[in-house]
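All heavy atoms count here, side chains included; hydrogens, waters and symmetry mates do not.
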Amino acid sequence: MVSPPHEAMHRIFQHDPGLFSRVSRFLGVDIPAPVKATALPTDLTETNPVERRVDTLLRLETADQGSFILAVEAQGKKHPDKPASWAYYTAYLWTKYRLPTALLVVCQDPATARWAQQPVSCGPPQLPTLTVQPLVAGPHNMPVITDPEEARADLVLASLAAITHAAEPDVDVILKALSTALRDAPEDVAKPLIEFTAQGLGKRPAKNLWRNLVAVDLSFYTSYLAEEVRAEVRKEVRAEVRQEVRAEVRQEVRAEVRQEVRAEVRQEVQAEVRDEALTQGEARRAAADVLAVLAERGLPVSDAVREVIDGCDDPETLSRWLRRAVTASTAEDVVSGA
């Protein structure tokens with residue numbers, strides 16, 4: 001998937017095609033400023049479909065040296081297949097447009113930049129045939145623009161400097177200089193450069209600094225970063241609100257469940273009390289039967305024995321005592337040994 005830094009590293013040349021001429025002096029070459037620039041289709045697919053797309057493709061026309069084709073590639077890391085692709089791009093564009101073709105590779109990683117600028121030949125050592133050696137812009141040769149006045153003199157170059165130094169220690173100072181310089185720029189000039197810079201920083205720590213600088217120094221800006229900040233804040237607030245709502249719902253559900261459980265427990269307790277009442281009633285009737293049998297047989301019942309019989313609430317024990325009462329010699333024999 002194409003990343004925001006990848007897009008920013010090449011699309012900034014679409015935004016300002018003259019940037020290549022100004023960048024070239026840092027690359028050791030002298031490319032005249034174009035008097036006209038035309039964006040060309042980036043699809044280099046042939047009739048037999050093998051899809052090949054260059055990142056940015058421009059036709060630049062100069063006053064003294066005529067026209068040439070500029071292909072801009074953003075390279076985030078080393079890739080063994082890229083040199084062959086670059087050779088294809090340059091050969092194909094040269095054949096299609098019959099114009100000199102230049103290839104610029106923009107990197108944010110010094111190791112990738114060193115790898116990209118090495119010449120690669122498609123032929124045997126003794127027959128190089130076609131050698132590709134792109135111009136490379138990266139943290140190793142792009143200027144470290146820390147002076148707001150220098151940044152103000154070329155805002156697009158300052159933005160590219162921030163993008164190519166996104167992972168370098170100097171990026172904080174570059175971003176502060178750029179944000180200061182953009183204060184005085186017209187909104188239609190500042191907005192795209194703010195977006196290019198934000199995209200180029202990707203998810204690096206410098207992105208947070210740039211967002212804060214934009215919020216403080218460029219309060220008019222309400223597009224890309226503002227929406228991103230809004231999305232982040234919305235996510236944080238959503239988490240907070242979720243906790244609050246969860247607590248509220250938990251209390252509501254707890255009250256509902258409490259009512260349900262209370263109704264269930266009430267039914268259970270009613271059943272238990274009903275069973276206890278029935279058991280007590282049976283026990284009283286059984287105790288009365290034991291005393292009635294003893295009275296029928298004319299056996300005297302002391303107060304102590306009567307209290308034991310009346311105080312028993314176990315139906316099985318009272319049933320056993322009733323059987324004993326039929327044959328026992330004394331009332332005491334009925335309850336002895338329980």
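Taking CG of Asp310 as the start and CG of Asp303 as the end, the distance is 10.5 Å to the nearest 0.5 Å. Of the inter-residue distances, the one linking Tyr89 atom OH with Arg53 atom CZ reads 10.0 Å to the nearest 0.5 angstrom. Distance CD1/Ile309 to CG/Leu294: 5.5 Å, rounded to 0.5 Å. Separating the CD1 atom in Ile194 from the CD atom in Glu187 is a distance of 8.5 Å, to the nearest 0.5 Å. Within the model, atoms CG of Leu40 and CG of Leu93 stand 8.5 Å from one another, a figure rounded to the nearest 0.5 Å. Summarising the geometry, atom CG belonging to Leu209 is positioned 14.5 Å from atom CZ belonging to Arg204; distances are rounded to the nearest 0.5 Å.
For Glu332, the side chain to side chain contact (heavy atoms under 4.5 Å, CB included) test picks out Ser302, Val305, Thr330, with sequence neighbours left out. Every residue meeting the ring pair (Phe, Tyr, Trp, His ring centres under 6.0 Å) condition with His15, not counting sequence neighbours, appears here in chain and number order: Phe196. Pro100 is linked by a side chain to side chain contact (heavy atoms under 4.5 Å, CB included) to Phe68, counting only residues two or more places apart in sequence or in another chain. Scored by the side chain to side chain contact (heavy atoms under 4.5 Å, CB included) test, Pro300 finds no partners at all (sequence neighbours excluded). Listed by chain and residue number, Thr56 satisfy the side-chain hydrogen bond (donor to acceptor under 3.5 Å, both in side chains) test with Gln14 (two or more places apart in sequence, or in another chain). Among residues two or more places apart in sequence or in another chain, the side-chain hydrogen bond (donor to acceptor under 3.5 Å, both in side chains) test is passed with Ser319 by Arg323. The salt bridge (charged side-chain N to carboxylate O under 4.0 Å, His left out) search around Glu61 returns Arg59, not counting sequence neighbours.
A salt bridge links Arg152 with Asp184: at least one charged nitrogen is closer than 4.0 Å to a carboxylate oxygen.
Heavy-atom minimum distance, Leu130 versus Ala87: CD2-CB, 4.1 Å. The minimum heavy-atom distance linking Pro17 with Leu58 is given by the pair CB-CD1, 4.0 Å. Nearest heavy atoms, Thr38 versus Lys36: OG1-CE, 4.1 Å. Residue Ala181 comes nearest to Leu155 through the heavy atom pair CB-CD2, 3.7 Å, listed as atom of the first residue, atom of the second, then distance. Leu193 and Val189 make their closest contact through CG-O, 3.5 Å (heavy atoms, listed as atom of the first residue, atom of the second, distance). Of all non-hydrogen atoms in Ala37 and Leu60, the two that sit nearest each other are CB-CD2, 3.5 Å.
With contacts defined as side-chain heavy-atom distances shorter than 4.5 Å, the pair Arg254/Arg258 does not qualify. Inter-residue side-chain proximity for Pro32 and Ser21 is flagged as unmet; no heavy-atom pair is nearer than 4.5 Å. With contacts defined as side-chain heavy-atom distances shorter than 4.5 Å, the pair Phe13/Leu104 qualifies.
No donor-acceptor pair under 3.5 Å is formed between the side chain of Ser336 and the backbone N or O of Val334. Under a 3.5 Å cut-off, the side chain of Gln108 and the backbone N or O of Gly200 do form a donor-acceptor pair.
Ring-plane geometry between His10 and His6 is classed as perpendicular, the angle between the planes exceeding 60 degrees on a 0 to 90 degree scale with a lower cut at 30.
Sorted by first and then second residue, the pairs that involve residues 13-24 and meet salt bridge (Lys or Arg N to Asp or Glu O under 4.0 Å), not counting sequence neighbours, are Asp16-Arg22, Arg22-Asp154.
Within a 6.0 Å sphere centred on CD of Glu307, other residues, nucleotides and ligands contribute 12 heavy atoms or fewer.
Val173 belongs to no hydrophobic cluster, as no Ile, Leu, Val, Met, Phe, Trp or Tyr side chain comes under 4.5 Å of its own. Using a 4.5 Å cut-off between side-chain heavy atoms of Ile, Leu, Val, Met, Phe, Trp and Tyr, Trp94 forms no hydrophobic cluster with any other residue.
Between the side chains of Thr197 and Ser159, at least one donor-acceptor pair of N or O atoms lies under 3.5 Å.
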Review item, side-chain donor-acceptor pairs of residues 72-83, under 3.5 Å, at least two apart:
| from | atom 1 | to | atom 2 | distance (Å) |
| --- | --- | --- | --- | --- |
| Glu73 | OE1 | Lys82 | NZ | 2.9 |
| Glu73 | OE1 | Trp86 | NE1 | 3.3 |
| Glu73 | OE2 | Asp55 | N | 2.9 |
| Gln75 | NE2 | Lys77 | O | 2.7 |
| His79 | ND1 | Asp81 | N | 3.1 |

Run the side-chain donor-acceptor check on residues 134-147: report pairs under 3.5 Å with partners two or more places apart or on a different chain.
| from | atom 1 | to | atom 2 | distance (Å) |
| --- | --- | --- | --- | --- |
| Asn141 | OD1 | Gly138 | N | 2.9 |
| Asn141 | ND2 | Val136 | O | 2.7 |
| Asp147 | OD1 | Glu149 | N | 3.0 |

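Residues Leu178 and Val106 are members of one and the same hydrophobic cluster, defined by side-chain heavy-atom contacts under 4.5 angstrom among Ile, Leu, Val, Met, Phe, Trp and Tyr.
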